[in-house]
J.: 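Sharing a structure below in structure tokens format, with a few things to ask.
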Amino acid sequence: MYGEFELIQRWLAPARRGSADASGVSLGVGDDASLMQPTPGHELVVSVDTSVEGQHFPPGAPAAALGHRAVAVSLSDLAAMGARPRWCLMALTLPDANDDWVAEFARGFHAVCDSAGMVLVGGDVTRGQRAISVTVMGEVPTGQALRRDGAKAGDVLAVTGALGGGAGGLAAWQGGARDMEQPLLKRYLLPEARWQAGEVLRGLANAAIDVSDGLLADLDHVLNASGVGAVLDSASLPLADGLAAELGQDAAIEAALCGGDDYELLVSLPPSRVAQAKAELLALGIELTPIGHLTETPGIQGVKIPSRAGWQHFHGGTS
């Protein structure tokens, strides 16, 4: 067993990755606070997410997957703003100081940070119910951030990747699946943050949001912020591989609309920019699928709205 400071130094404090000129970190893990240097001419983009065992991830999930997932779901918020990832903070609450568990968690956590070019610059470890809070910081050229309030009537609605995999993976876990190569389980516990897509879509999309609480719930946030409505084509929804086989076709479509935990990007694009966006994302290996369009008429048309259309912590929902 190790104490909190030993755990931090052994597993969570990253090796110094270059000078402040390269990483933007003047002072990282090991002091009362950290010092970073944003790129001149950029705005700082900051977001925080907390994941609690039994609420956001199942007890017994692999530690490396939880480390991966904790970073990825926070990075998804930077992606939705078109921001380049730079730094993160992490607060980890553990029931005990299990060295093997923390080592695996750190492996998954740092792997995602490294892939995104993001540096862990500080945090905290404490005792209690297992929970993970990650604060991510990125940057975007001043005035160029993607926002929810920029969508316009006539825009094409499109999503990256596929939908419903989060809900399908949760169902697979609840059904006893434990093989992390199972496609749906992988989508649920090892989601991909679309930060590269976010940077590509900056300057092309009028608005964006990440699909974390369900397509309908997150689309509604965009519609309310922008004062527009939407028409969706349920037949165009890109369903995650194996979803219909796991849940049945009707349940698969409902999972794509309401399930949450997909962490894809939902964007509003002028029709003239759709082809360019699709081509540039395809060069990164990311599909972009049009699923509808925006109108001046409020509300969402074209699909049956389930009575519980998205996740909310204090009002029920689906997850």
Side-chain angles (χ1 to χ4, degrees), residues 45-49 51 65 68-86 88 108-109 111-118 134 136-141 144-148 150-151 155-169 183-184 186-215 217-219 221-222 236-241 243 256 259-269 273-274 276-291:
V45 183
V46 182
S47 180
V48 62
D49 273 291
S51 298
H68 172 117
R69 193 175 192 277
V71 186
V73 301
S74 292
L75 274 175
S76 187
D77 289 327
L78 294 186
M81 304 292 288
R84 179 166 68 98
R86 296 297 309 274
C88 65
F109 188 96
V112 177
C113 287
D114 290 345
S115 71
M118 187 169 65
V134 178
V136 288
M137 291 165 275
E139 56 186 23
V140 62
Q144 295 184 30
L146 292 171
R147 296 165 47 144
R148 298 179 181 185
D155 280 356
V156 173
L157 279 175
V159 292
T160 60
L163 299 172
L184 292 176
K186 193 171 184 178
R187 286 293 304 267
Y188 173 54
L189 289 176
L190 297 170
E192 294 185 51
R194 301 297 192 182
W195 58 272
Q196 292 175 303
E199 289 195 71
V200 166
L201 290 164
R202 190 179 70 219
L204 294 176
N206 284 331
I209 192 171
D210 76 316
V211 182
S212 55
D213 297 326
L215 178 69
D218 291 315
L219 172 58
H221 294 321
V222 173
S236 297
L237 295 176
L239 301 181
D241 290 343
L243 185 65
D261 282 328
D262 283 322
Y263 304 104
E264 298 292 351
L265 297 184
L266 171 66
V267 295
S268 160
L269 291 152
R273 295 177 181 169
V274 173
Q276 180 183 352
K278 290 180 69 172
E280 291 191 22
L281 289 180
L282 191 59
L284 296 174
I286 301 170
E287 296 279 351
L288 183 70
T289 305
I291 59 170

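Numbering starts at 1 and runs along the sequence shown. Model, not experiment: these values are computed from the prediction. Because only heavy atoms are used, hydrogens play no part in the values below, and waters and symmetry mates are left out as well, while side chains stay in.
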J.: Arg86 and side-chain contact (heavy atoms from CB on, under 4.5 Å): which single residue from Met137, Met118, Glu139 fits?
T.: Glu139
J.: Can we say Lys186 and Asp241 salt-bridge, meaning some charged N sits less than 4.0 Å from an Asp/Glu carboxylate O?
T.: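 No.
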J.: Can you name the closest pair of heavy atoms from Leu75 and Ala193 and give their distance?
T.: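 Reported closest heavy-atom pair: CB-CB, 3.5 Å.
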J.: Looking at every heavy atom in both Ser236 and Ile291, which two are closest together, and how far apart are they?
T.: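 Taking Ser236 first and Ile291 second, the nearest heavy atoms are O-CG2, 3.9 Å.
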J.: Please say whether more than 12 non-hydrogen atoms of neighbouring residues, nucleotides or ligands are located less than 6.0 Å from CD in Glu287.
T.: no
J.: Under 3.5 Å, side chain of Asp262 to main-chain N/O of Gly214, donor-acceptor pair present?
T.: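 No, because the side chain of Asp262 does not come within donor-acceptor range (under 3.5 Å) of the backbone of Gly214.
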J.: For a quick test of reading the model, state the closest non-hydrogen atom pair linking Ser47 to Asp77 and the distance between them.
T.: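 Nearest pair, atom of Ser47 first, then Asp77: OG-OD2, 2.9 Å.
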J.: My understanding is that only one of Ser76, Pro85, Ser74, Cys113 makes a side-chain contact (heavy atoms from CB on, under 4.5 Å) with Val136; could you say which?
T.: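 Testing Val136 for a side-chain contact (heavy atoms from CB on, under 4.5 Å) against Ser76, Pro85, Ser74, Cys113 leaves exactly one candidate, Ser74.
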J.: Could you walk me through whether Leu215 and Leu237 pass the side chain to side chain contact (heavy atoms under 4.5 Å, CB included) test, one step at a time?
T.: CA-CA 10 Å; Leu215 178 69; Leu237 295 176; 3.8 Å; yes
J.: Identify the two heavy atoms, one from Leu239 and one from Ala256, that lie closest to each other, and give their separation to 0.1 Å.
T.: CD2-CB, 3.6 Å
J.: Closer than 3.5 angstrom, by distance alone: can the side chain of Asp213 be matched with the main-chain N or O of Gly260 as a donor-acceptor pair?
T.: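 No, the answer is negative, given that no donor and acceptor are paired below the 3.5 Å cut-off.
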J.: Within a strict 4.5 Å, meaning less than it, do heavy atoms of the Arg273 and Asn206 side chains meet?
T.: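 They are in side-chain contact.
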J.: Does any non-hydrogen side-chain atom of Met81 lie less than 4.5 Å from one of Val140?
T.: no
J.: Got a donor-acceptor contact below 3.5 angstrom from the Arg69 side chain to the Tyr188 backbone?
T.: yes
J.: Give a yes or no on whether a salt bridge exists between Arg194 and Glu264, defined as a side-chain N under 4.0 angstrom from a carboxylate O.
T.: yes
J.: What is the minimum heavy-atom distance between Asp218 and Ser212, and which atoms define it?
T.: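 Looking at all heavy atoms of both residues, the closest pair is OD2-N, 2.9 Å.
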J.: Please report the closest heavy-atom contact between Ala151 and Ala207, naming both atoms and the distance.
T.: N-CB, 3.5 Å
J.: Run the numbers on Val222 and Leu157 for side chain to side chain contact (heavy atoms under 4.5 Å, CB included), then give the verdict.
T.: CA-CA 11 Å; Val222 173; Leu157 279 175; 5.9 Å; no
J.: Under 3.5 Å, side chain of Asp49 to main-chain N/O of Val134, donor-acceptor pair present?
T.: no
J.: Is it true that atom CZ of Arg147 has more than 12 heavy atoms of other residues, nucleotides or ligands lying nearer than 6.0 Å?
T.: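 No, the 6.0 Å shell around CZ holds no more than 12 heavy atoms from other groups.
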J.: Nearest 0.5 Å, please: how far is CD in Gln196 from CZ in Arg84?
T.: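 Answer rounded to 0.5 Å: 12.5 Å.
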J.: Atom OG in Ser268, atom CG in Leu146: separation rounded to 0.5 Å?
T.: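 Here the rounded value is 10.0 Å.
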J.: Have a look at Leu204 and tell me which of Leu269, Val267, Leu281, Val274 forms a side-chain contact (heavy atoms from CB on, under 4.5 Å) with it.
T.: Leu269
J.: Can you tell me if Ser51 uses its side chain to pair, donor with acceptor, with the backbone of Ala70 under 3.5 Å?
T.: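 No, because the side chain of Ser51 does not come within donor-acceptor range (under 3.5 Å) of the backbone of Ala70.
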J.: Has Arg187 got its NZ or CZ under 6.0 Å from the middle of the six-membered ring of Tyr263, at an angle within 45 degrees of the ring axis?
T.: no
